Structures are given as C-alpha cells and as structure tokens.
Amino acid sequence: MDRYDPLKIEQKWQKIWAETKAFKAGPIDAKTASGDPKPKKYLAEMFPYPSGAGLHVGHVRNFTIVDVLTRFYTQQELNVLRPFGYDTFGLPAENYAIKTGISPQEATKTNIANFRKQAQKLGYAIDWDREINTSDPEYYKWTQWCFLQLYKAGLAYQKESYQWWCPVDKTVLANEQVENGHCWRCGHEVEKKKMKQWFFKITAYADELLDSLDECDWPEKIKTMQKNWIGRSEGATVRFDVEGRPDSIEVFTTRPDTIFGATFLVLAPEHPLLGDLVNDDTREKVESYCADALKKSEIERQENKEKTGVFTGSYAINPATGAKMPIWVSDYVLMGYGTGAIMAVPAHDERDFEFAEKFELPIIEVVEKPENSDDAERCYHGEGELVNSGQFNGTRSEDAREQIVAWLEERGVGEKKVTYKMRDWLISRQRYWGCPIPVAYDKDGNVHPIPEDQLPVMHPEVKDYQPDDTGRSPLAKAEEWLKVTLKDENGNDIECTRETDTLDGYACSSWYLWRYTSPHDTEAAWDPEAIKYWAPTDVYVGGDHAVAHLLYVRFWCKFFADQGYLPFREPIKKLLYNGYINAPDGKKMSKSKGNVIDPLEVIESGYGADTLRTYEMFIGPYDQDAAWNTEAIGGVYRFLNRCWNLCFDDALREKAGTSSTISIRHRVIKKVTDDIHRCSFNTAVAALMEYVNELYKVGHSRDDIIALAKLLKPFAPHLASEMLEKLGNDDIWPEWDEKYLVADEVELVVQVNGKLRGRVMVGVDLLEDEEKLKELAMAEENVQRFIANKEIRKVIVPKGAKLVNIVVA
RNA sequence: GCCCGGUUGGCGGAAUUGGUAUACGCGUUCGACUUAAAAUCGAAUGGAGAAAUCCAUAUGAGUUCAAGUCUCAUACCGGGCACCA
C-alpha cells in the first residue's frame, strides 16, 4: 500500500482541475435533469489586496469557508458561481514603487501571479475564467462609468471644506478610514486641511441604509456597527434671534422639551457667523481661540476633555422664554454635525453642565428628576415632568417634545429635523495608484465629465510617484496627459485640464460583486441577464470592513437599483464575518514580532493543503478569533491519514463486514449536512473524526468509505478525490434516511429529583408508552434505593427526551 | 462613559428546542509493536473518594420536576463608538 503523500496527490488533482476547468460556473440558462431552471448559488470572499508577502493563514481561513460551501453546493448539483479577484489599487504598491522604482503596474502583476499560484496550491474551487483586477483598465473603465452615473444623478459633487489629511501618505481620507484620529494605512495622526474635494452623497440613502438592514442575514454585531455609524437621531432645529442684529442662529437639538432650560448658545470654532458676532473687545480673543482649535489635532481635542471656550460678545433670545442668552464659542461643538451650533441646557446635559460650571453660566432645571432616581447624578438627563416651562409645566418630557416643536413651528422659529452622524463619502485621493477620476476643468474651473466613449481615462506614465504637500497628486506632473479637448453642447472645442486626483479604492470594490457575473463584458459594467440570474450574492465571507466597504456596496446597490441597472436593493444576502487567526502566543501575527505562520510553509513541510484547510475549519467557530496551535494541526493530519488508510490499507479493509454500520453512516451524513448548513464547520469535522474512529473499531463496508470521502471532500478535496477515484464513485452529496437513524433499543435516563440515578435500555417501540417507561424507570435497581419509602410526588416523561424524572419528597 | 459580545477540564473547544455537562482535537499517563526511537495501534484522563456518592460550566441570587442554556445583580476579558447636542 502507498502511504498518504499529500503533496503528490494534491499536485495531481490541481493539475486535473486546472486542465478541465472543473469549477467553471454553468450557463445562466442551465437546466436540471427534469428541465427546470437550475437553482444557483453565488458565493464570494472579500477579494484580497495582493501584497508582496503572499497569502497568510487569515486568507486561508476566509477562502476555505467559501470553498467548503462552494464544494458542498456543487456536490449538491446546484449551479455555483465562485469567482476570484484582486483589489489592487492602493498605497502599499505605490509606496513600494517610491522605494524601489518598480512601477505599481509591474509590482501588481508580480503579486497577482504569486497570489494565484498560492490559491491554486490550496485547491480552491475557483472559476478562474472570471478573475478580475481593479487596476486593469478593462475593469476601471467601468469604475469610471459608475462615477459618471453618480455624477449625472447629482450624487457625485465637489465641496470645499476641512478634510482629514494624512501628512505621511499625503492624501485626504474618508471618515471611515480614520481610526481613532489615525490614518488606517500608516497609523500616523491625521490633520484637518481645507480642500476642494469630490464626494459621493451616501447620506441621500441614510434612511434606507438603516431600515433595510433588517432584511440582511448578517451578524448583529455588524448591523449594530452600521446603525451606530449612520447614527440617525430625531430632534428639531430651532432658530435663535441675535440681539441687535438681523441674523438668527440655527441649532439642532434632540431635546426640544428642555428649551425653557436653554441658558446660552455654543458655536463651533468653524462656524461661519462668528465673524459677525464679535465686537472690538472680543474679536481678538475669539479669533485666537478659533485659530488654536483648528491647529489642534483631533487627538489633542479628544485627549483634553476639559471644556474651553470664549464669549463672543453677542446675545441671543430664547424663543420660548424671551430670555437673553450669551453666545459662546467652544471646540466641544462640532461643525460637521447638526448645524454646528447648540442650545446649551446645563441642567440636563453633562457637557453643557460642565461648561456652565466652569464659566459660571446660569443653570435652570426644567425636567423634574423622579424621586427614585440616582441622587449622585449631578445633571439629570432622563425623562420626567416639566417644571419652569410656562404652559408646559406638568407635561411629561416625552410628550412635551412633540408639543413644543409644534408650538415652535406655529411661530415659525423651528421645525422637526432628523440628523445623521454619517457624512458624505469623500472619494478624492492625492495619489497616483488609484482609478483616475474621469472629469476635466475648463479655464474657468467648470467641471466637464469625460464622455463615456472616451473611457477609460488611463494613468499617464510618470517617473516620480512621490506625492508632495501641494495637495495635488503625482498625476499633476504629467503635463501632456493633463491637456484634453472636450466638446460643448454645440460641438465647439473646449480646452480642459484633467482632474489629477484618483478615486478612493473603496469605489473600485463597491461594484466588483456584479462584475463577476459577466467579467469580460465590453458593452456594460455588468450584463443585465447575468446579474438577474446570479446576483445578489448569496454568501459573502470576510473579516474586515464592517462600516466602510460593507456600507458602500449597499449604497451603490441602492443607487444602481434606482437607475434601473440592478433588480435588487441589497447586494449581500448572507454575510459571514470570520474571526482572525492569531499567533500561537495569542497575539496578532506580525512580521516585526516574528510570530507569523506562513501557510505555504505549513503545506510544504509535508502536511499538505488538505490538512491546512481542514485544520483551519476545525480550529474553532468560524466567527471567533483563534490562536494557531502548532501541535493541534498534527491531530488533523493523523485524522486524514486514518481516512487514507481506511480506503487504501488492505489490512483494514479486511475488517469490512464485521459489523453493521448503516446507522452510524446515516447519522454522520445528517450531522455533517446540518452542520455545514449552519456554518458549524468545526463540529462537522469533529463528526467526521468520530465516524472514522468508530469505523476503526467496528469495521466498515465500501459504502461507509464512499460516504466518508463525499462528506470529507469540501474540507479535504484532494484526498477525497483520490479516495473516490479508487472507489470508482461520483462525488454527489449523500442523503440520509430517517429510518436508519433510530436504533432498536435506546438508553433511557432515569433521574430522581433531577439527578442522574440510573439507565435502562428500552425498546424503541416503548418510547410512546409513558406508563411503561415510568414502570421500567422505577424498577431500576439503583433508582429503587432513592425512591424506596419516599412519597412520589410526580413522574415526568418529557416528549422525545428519552428521560424520566421522578420527583420524591 | 455608552452600545454589543464573551467567561465550560492542563489547553482549543462541544452541548442546535431548558432534558445524560465536558463530543472532537491537543497535551499527559500507561500498554502493544521495536534492539531502540519515531511513526502507528489500543487504553485511561474534570476534582475529591476504597466505594457508594459528593462537588464542578466566572461569582451570588431567582424561575423550573429539571438551568452551561431563561431572569436579575456583581466581577473579569474582548470588540465597537466616543464631546454627535
């Protein structure tokens, strides 16, 4: 007998799969044997950024989950689409180019080739004819087309404002790319810089993005994160007249019920009206305060939570009370949220309270604290009856909210308003290695979109990829490329200069799931027929981008549905968010710590891809983090060896027929099928191990081994293929028959007062006979010891539990 | 601070609907094979106890015939958000 030699058989099957294009998705009009349209499954992982370091064990976990499901559904004879691609635009390739002089195009090509080779070594069931790459002009031509559709619909627009700027990467960043005040790529502290930039109006879909989360079969954790990110809050805007001036200041509040307690206003340092509110005494102080606030990094603003601020010199009038309210400026009010101005109610808001205490401003209680509430609380922000609130005294604060807004509306000084924390998506990047934004500007600075028939706008060749502090990307150095002649509506030439910024990489990944359905279409971004059949994606697997990518795809989906390009409004039916694999020491793997496990090394050390794949599925629940265990992987290798021996070792085969295994076979078929359906991959592998252990003990038939190979195939496809070849069998997913799952006799558990006291074997036919079960249970020897001479209060026989509980006094 | 998760043997974890806690794997121990070792195969393995049995799912209460699972409180660990008015 040959020994199990994973490297040999894996090479053999990978070659066969590549040559036969074994995982090519079926046509969209595929039919079943009975002539009905063939049901489809569309599965994908979050496509990787192909770094120079190659695949890591995290990729392997992510891709293997998709692979197990892909092979499972394929074996069930569904029409399965499982494509693969590369998210190739981005900073690492560009920084590499700066360092080495190797162009991003070159480096990307090399890295893709490496990733492809590695993915093939893992035996993934990928339809390789559908490979895509976001930096391929054939792909980004259509990214630019998407941009133009958003532009035409008014959802791509330019705005000059303060933006997050990373001084190291020398580019602006979206809110979603700033983590705790630091750049998500290089980790450097970000700054605010006033620039004119392109945005996508994701806020236009804020409500739908929030509401339709309910339809998504996604982890609650991710849905909650998205809900918090969108941050919808209902309240009102109220206008406060400025004393002695024609201006009024608009504020946003979620607590209009507390307006009688508003004793001062606070404006953000960036507020445009500030200049008008200062007088000769205060001008200098306010200006220097604002200048300081703008200079401070967001980190500094957050670290120092002690309230600071300056009085502007002006007063506003409270529209509810008519009282005079000083207007202050402070950096605890943010320009980007609401109106950039607040009415301060120190009696009922922690931050306003702190501010009022520090600057000795009046505090007026307007909501009565219930008697049973916590006394330690210095300012009460719960609900209660209104006091000091004129005609609203005695009203519950919950009810007063509506009533007071209605009253303000009547008087024309306020109205209901909903605000969101989510801002529009900033998409300009001052970098070379991104998708060029397909617009140009005439000499007056007017925007002219590049006509669709002139796409793609390709990258110019440049020698120097180094960005600088000018706020213009390296594309600005390609003088010839910059010039473009466009036509106006009368057909006259307009001399224009191209946009030099590139698109945020997240734009490229916002539509790739649809491109996969017709990846080589030269007429459209995606083929309407293909999209109708394949999309939306049935299962999408990844472990990152909870609020960035996963929000952006949903936004684009809704937009293109509105434009008539997509027949659905949610792009991903089921999302599996997998956990990380940490180093054996439990810490994050990182090059600098030297604790990185290289999957290719694991394979080539002799374990092979099947062991690696199966181990990563067995390591724990897919959605939890796990630590690599260099010894435990040996257990999985031993298991696959035992599978091999069952099939190829003649000595073991002789044990066949010594026992009937039909019941355990049907039980494992059911268990593994159920477990894969509920994505409990670790217990599916455990069930297979248990099955093999049993077969070793009691012997086995040929059918037992066929079932084993079929059930094993999603996890260890090479080994399973080798086994099925030897057995001369297909790989169609086995079915179980309920009638084999019930044994003739079952063990009845007997409890006395809930404690296990005895076991009785009873015939299956007796399970329905409650009286007989009670009788048998009470007759058991050990049970007798516990119930003799005791009053029996109750005997419980739960349905289907194979258990009797005797309750005695 | 607020919002989510989580806490089960020496370790990773299982227990899907409230019904036999600790499946499966690692590690450890013993045995077989071997001159020996590795590999492989077999057995044992929550704690205490000679045994009957008792005690164990972070801690404390509660509901129930029955709780790892449900309820309340506390502690600890992880994640997300964080001056969002």
Side-chain angles (χ1 to χ4, degrees), chain A residues 3 179-181 219-229 231-233 235 251-255 258 262 266 301-302 304-307 330-334 336-345 348-352 354-355 381 419-423 546-547 579 615 618-621 623-636 638-639 641-642 645 652 671 674-675 677-678 680 682-693 696-697 747-759 782 785 793-808:
Chain A
R3 286 194 50 154
E179 295 168 348
N180 246 326
E220 280 308 314
K221 188 179 81 177
I222 306 301
K223 293 209 252 185
T224 307
M225 279 168 75
Q226 293 211 347
K227 269 179 205 158
N228 293 341
W229 186 262
R232 180 187 155 102
S233 50
V251 308
F252 172 73
T253 177
T254 53
R255 293 296 300 271
T258 63
V266 189
R301 273 205 204 184
Q302 276 168 15
N304 189 5
K305 295 233 171 147
E306 168 109 18
K307 296 282 176 290
S330 172
D331 63 5
Y332 85 91
V333 176
L334 309 173
Y337 183 75
T339 61
I342 62 156
M343 64 174 207
V345 185
H348 305 290
D349 182 283
E350 202 82 35
R351 298 148 301 181
D352 299 346
E354 233 180 274
F355 195 84
H381 50 258
T419 7
Y420 304 89
K421 283 188 200 172
M422 182 172 68
R423 317 288 156 80
V547 290
Y615 171 63
F618 183 62
I619 197 167
D623 58 348
Q624 278 173 36
D625 290 353
W628 187 268
N629 184 332
T630 309
E631 281 165 336
I633 190 171
V636 173
R638 276 191 281 279
F639 160 63
N641 248 301
R642 283 157 74 82
N645 290 342
L652 276 172
K671 172 72 177 158
D674 285 353
D675 279 356
H677 271 301
R678 67 188 178 108
S680 182
N682 55 329
T683 56
V685 174
L688 288 169
M689 289 172 166
E690 215 175 336
Y691 179 56
V692 167
N693 291 346
Y696 262 68
K697 261 183 220 145
E747 190 181 65
L748 183 72
V749 168
V750 189
Q751 298 180 330
V752 178
N753 284 348
K755 287 195 174 164
L756 175 65
R757 296 301 180 192
R759 301 162 199 272
N782 196 46
R785 292 179 42 229
R793 292 231 173 116
K794 235 195 275 187
V795 181
I796 289 156
V797 186
K799 273 230 160 10
K802 294 175 214 156
L803 175 141
V804 174
N805 189 12
I806 303 162
V807 186
V808 296

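Here is how names work: the chains are called A, B, and so on, in the same order as the sequence lines, proteins then strands, and each is numbered from 1. Treat the numbers as computed from the prediction; the structure is a model and nothing was measured.
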Next on the checklist: Does A/K799 contact B/rU17 through a side-chain donor or acceptor facing the base, at a distance under 3.5 Å?
Outcome noted: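 For A/K799, whose side chain was compared with the base of B/rU17, there is no donor-acceptor pair (under 3.5 Å).
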
Item to check | Side-chain-base donor-acceptor pair under 3.5 Å for A/K307 and B/rC83 | outcome: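 Checked by distance alone, the answer is yes.
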
So what does [X] hit on the nucleic acid, given a heavy-atom distance under 4.0 Å: a base, only sugar-phosphate, or nothing?
| X | answer |
| --- | --- |
| A/I806 | nothing |
| A/E220 | nothing |
| A/N805 | base |

Can a side chain N or O of [X] be found less than 4.0 Å away from OP1 or OP2 on [N]?
| X | N | result |
| --- | --- | --- |
| A/S233 | B/rA85 | yes |
| A/N693 | B/rA23 | no |
| A/R757 | B/rU20 | no |
| A/K221 | B/rC81 | no |
| A/R638 | B/rC41 | no |
| A/K794 | B/rC65 | yes |

Checklist entry - When the distance from CD of A/E631 to C1' of B/rC26 is rounded to whole Å, what number comes out? => result 7 Å

Item to check | Value in whole Å for how far the C1' atom of B/rC81 lies from NZ of A/K227 | outcome: 15 Å

Next on the checklist: Can you identify which nucleotide, out of B/rA85, B/rG25, B/rA23, has its nearest atom closest to the A/E690 side chain?
Outcome noted: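 Looking only at heavy atoms from C-beta outward on A/E690, the closest nucleotide is B/rA23.
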
Checklist entry - What distance, rounded to whole Å, do you find between the two C1' atoms, one in B/rC3 and one in B/rG49? => result 49 Å

Item to check | Spacing of the P atoms in B/rC65 and B/rU17 (rounded, Å) | outcome: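 Going atom to atom, P in each nucleotide, I get 23 Å.
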
Checklist entry - So, do A/F618 and A/M689 sit near enough that their side-chain heavy atoms are less than 4.5 Å apart? => result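 Yes, close enough: below the 4.5 Å cut-off.
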
Next on the checklist: Would you say that A/V749 contacts A/V804 through its side chain, given a criterion of any heavy-atom pair below 4.5 Å between the two side chains?
Outcome noted: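 In short, these two side chains do not touch, never coming nearer than 4.5 Å.
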
Item to check | Along RNA chain B (nearest heavy atom to each residue), the more 5'-positioned of A/N641 and A/Y337 | outcome: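 Per heavy-atom nearest nucleotide, the more 5' residue is A/N641.
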
Item to check | Residue mapping more 5' on RNA chain B - nearest nucleotide basis, A/V685 or A/L803 | outcome: A/L803

Checklist entry - Do the side chain of A/R785 and the main chain of A/R757 share a donor and acceptor less than 3.5 angstrom apart? => result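 It does not hold such a pair.
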
Checklist entry - Between the side chain of A/Q226 and the main-chain N/O of A/A546, is any donor-acceptor distance below 3.5 Å? => result yes

Item to check | B/rA32 - base-pair partner by Watson-Crick or wobble geometry, distances under 3.5 Å | outcome: B/rU40

Next on the checklist: Which nucleotide, if any, forms a Watson-Crick or G-U wobble pair with B/rA73, using both distances under 3.5 Å?
Outcome noted: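 Base partner found: B/rU59.
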
Checklist entry - If we ignore angles and hydrogens, is there a donor and acceptor under 3.5 Å between the side chains of A/R3 and A/N641? => result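 Their side chains do not contain a donor-acceptor pair, so the 3.5 Å distance test is not met.
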
Next on the checklist: Quick check on B/rG9: syn or anti? Syn means the glycosidic torsion is within 90 degrees of zero.
Outcome noted: syn

Item to check | Geometric class of the A/Y337/A/F252 ring pair [parallel <30°, tilted 30-60°, perpendicular >60°] | outcome: perpendicular

